Colleague: 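This is the structure, below, for whatever I ask next.
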Amino acid sequence: MMEKKKVWVVNGPNLNLLGTREPEIYGHETLKDLEEQLTQQFIEQVEFTFFQSNYEGQLIDWLQQSVGHADLVLLNPAAYTHTSLALADALAAITTPVIEVHISNPASRQDLRRVSLTAPFCIASIAGFGLNSYQFALSAWLNQGS
Ligand code: DQA
């Protein structure tokens, strides 16, 4: 059997409120639902570690710590996508491959959300598929080359 890939799922500010936060944009499912769905769906292939923080520095610490411990990071930097040079610097500094994930499609929202400071340092980005964005990102990464 193939060894399981170690995937860290890192969610940024306000994503702990999924399910109740602006459900017309982010849906009714919770962060726990997302974590359970991913675990179930990829049970054969992936060993997950889930992180969520509302604090920029904590997200940076986790990204730095992913080196040598994670094969992939799925990162939803939430609003820090559009504001955080520090998070962008952390991504530039690490060797762990990172995919940027968004639940909504920020490009179709306010102008401010069209800019991603973090995406240039990620291997790929996916947005706009609701919670399935995480699943699609991971499926694409696992299936590449096959
Ligand atoms: C988000 C999009 C961001 O613009 C926003 O600040 C979020 C969530 C998304 O997943 O759609 O908090 O990253």
Side-chain angles (χ1 to χ4, degrees), residues 4-67 69-144:
K4 288 191 185 183
K5 298 288 186 196
K6 292 188 176 61
V7 176
W8 287 17
V9 181
V10 178
N11 281 300
N14 301 303
L15 293 169
N16 56 314
L17 298 181
L18 277 181
T20 55
R21 173 194 183 198
E22 299 181 273
E24 64 290 356
I25 298 175
Y26 299 111
H28 291 277
E29 288 176 300
T30 65
L31 188 58
K32 193 157 180 284
D33 292 335
L34 169 69
E35 294 174 356
E36 283 173 5
Q37 285 165 18
L38 287 173
T39 304
Q40 276 310 310
Q41 181 165 1
F42 295 96
I43 204 152
E44 306 283 332
Q45 298 141 287
V46 175
E47 185 188 310
F48 286 103
T49 312
F50 295 105
F51 303 87
Q52 189 280 327
S53 179
N54 295 328
Y55 298 91
E56 191 176 21
Q58 177 65 83
L59 298 168
I60 290 167
D61 284 347
W62 286 330
L63 288 173
Q64 291 182 5
Q65 288 159 17
S66 73
V67 177
H69 296 283
D71 298 308
L72 177 74
V73 173
L74 292 181
L75 173 67
N76 185 343
Y80 288 137
T81 307
H82 319 298
T83 63
S84 178
L85 196 53
L87 211 51
D89 283 349
L91 290 167
I94 64 172
T95 49
T96 321
V98 179
I99 302 181
E100 181 166 315
V101 177
H102 296 284
I103 298 163
S104 67
N105 179 13
S108 67
R109 298 174 62 190
Q110 301 97 321
D111 280 354
L112 256 179
R113 294 185 203 271
R114 297 222 167 93
V115 174
S116 171
L117 299 184
T118 44
F121 304 101
C122 295
I123 59 166
S125 302
I126 186 153
F129 290 104
L131 294 191
N132 286 339
S133 292
Y134 296 81
Q135 176 201 316
F136 293 160
L138 189 47
S139 299
W141 182 77
L142 289 168
N143 293 328
Q144 63 188 332

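Order of appearance sets the numbers: ligands from 1, and atoms from 1 within every ligand. Heavy atoms only: backbone and side chains are in, while hydrogens, waters and symmetry mates are out. Because the structure is a prediction, the values reported are computed rather than measured.
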Colleague: Using the side-chain hydrogen bond (donor to acceptor under 3.5 Å, both in side chains) rule, take N54 and E56 through it: C-alpha gap first, then chi angles, then the decisive distance, then the call.
Modeller: CA-CA 7 Å; N54 295 328; E56 191 176 21; over 6 Å; no
Colleague: Is N76 touching ligand 1 with its side chain, its backbone, both, or neither, if touching means heavy atoms under 4.0 Å apart?
Modeller: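 It is the side chain that touches ligand 1; the backbone stays farther off.
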Colleague: Can you establish whether the number of heavy atoms outside F129 located under 6.0 Å from its atom CZ is more than 12?
Modeller: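 Not buried by this count: 12 neighbours or fewer within 6.0 Å.
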Colleague: My understanding is that only one of V46, V98, L138 makes a side chain to side chain contact (heavy atoms under 4.5 Å, CB included) with L72; could you say which?
Modeller: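 Considering V46, V98, L138, a side chain to side chain contact (heavy atoms under 4.5 Å, CB included) with L72 is found only for L138.
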Colleague: Polar contacts were defined as any N/O atom of the residue lying under 3.5 Å from an N/O atom of the ligand; does this apply to I103 and ligand 1?
Modeller: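 There is such a contact, yes.
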Colleague: Find all atoms of ligand 1 within a distance of less than 4.0 Å from any non-hydrogen atom belonging to Y26, and give their numbers and elements.
Modeller: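 Checking each atom against Y26, I get 5 (C), 7 (C), 8 (C), 9 (C), 11 (O), 12 (O).
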Colleague: Give the residue and atom name of whichever protein heavy atom lies nearest to atom 1 (C) of ligand 1, and the separation in Å to one decimal.
Modeller: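 In this structure, atom 1 (C) of ligand 1 has H102 ND1, 3.6 Å as its nearest protein heavy atom.
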Colleague: Does CZ belonging to F136 count more than 12 external heavy atoms closer than 6.0 Å?
Modeller: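 Counting other residues, nucleotides and ligands, CZ of F136 exceeds 12 neighbours.
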Colleague: If you have a sec, work out which protein heavy atom is nearest atom 11 (O) of ligand 1 and how many Å separate them, to one decimal?
Modeller: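 Checked against all protein heavy atoms, atom 11 (O) of ligand 1 sits closest to S104 OG, 2.6 Å.
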Colleague: Below 4.0 Å from ligand 1: does a non-hydrogen atom of R21 turn up there or not?
Modeller: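 True for this residue.
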Colleague: If the plane angle is over 60° it's perpendicular, under 30° parallel, otherwise tilted; pick one for W8 and F51.
Modeller: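 It falls in the tilted class, 30° to 60°.
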Colleague: N11 and Y134: which non-hydrogen atoms are nearest, and at how many Å?
Modeller: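 Here N11 and Y134 meet closest at OD1-OH, 2.6 Å.
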Colleague: Can you name the atoms of ligand 1, numbered from 1 with element, that are less than 4.0 Å from a heavy atom of H82?
Modeller: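 Contacts of ligand 1 toward H82, numbered from 1: 3 (C), 4 (O).
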Colleague: Would N14 count as a contact of ligand 1 if the rule is a heavy atom under 4.0 Å away?
Modeller: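 Contact check N14 vs ligand 1: negative.
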Colleague: Show which atoms of ligand 1 fall inside a sub-4.0 Å distance from at least one heavy-atom site of R113.
Modeller: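 Listed by number with element, the hits are 3 (C), 4 (O), 5 (C), 6 (O).
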Colleague: Indicate yes or no: does an N/O atom of P106 lie under 3.5 Å from an N/O atom of ligand 1?
Modeller: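 Such a contact does not occur with ligand 1.
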Colleague: Compare all side-chain heavy atoms of F42 with those of L142 and state whether any distance is below 4.5 angstrom.
Modeller: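 Sidechains of L142 and F42: in contact.
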Colleague: Please check whether R109 reaches ligand 1 - meaning an N/O of the residue sits under 3.5 Å from an N/O of the ligand, judged on distance alone.
Modeller: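 The answer is no, given that R109 and ligand 1 share no N or O pair closer than 3.5 Å.
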Colleague: Under a 3.5 Å threshold, yes or no: a donor from one side chain and an acceptor from the other, between Y26 and N14?
Modeller: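 No pair is found: no donor N or O on one side chain lies under 3.5 Å from an acceptor on the other.
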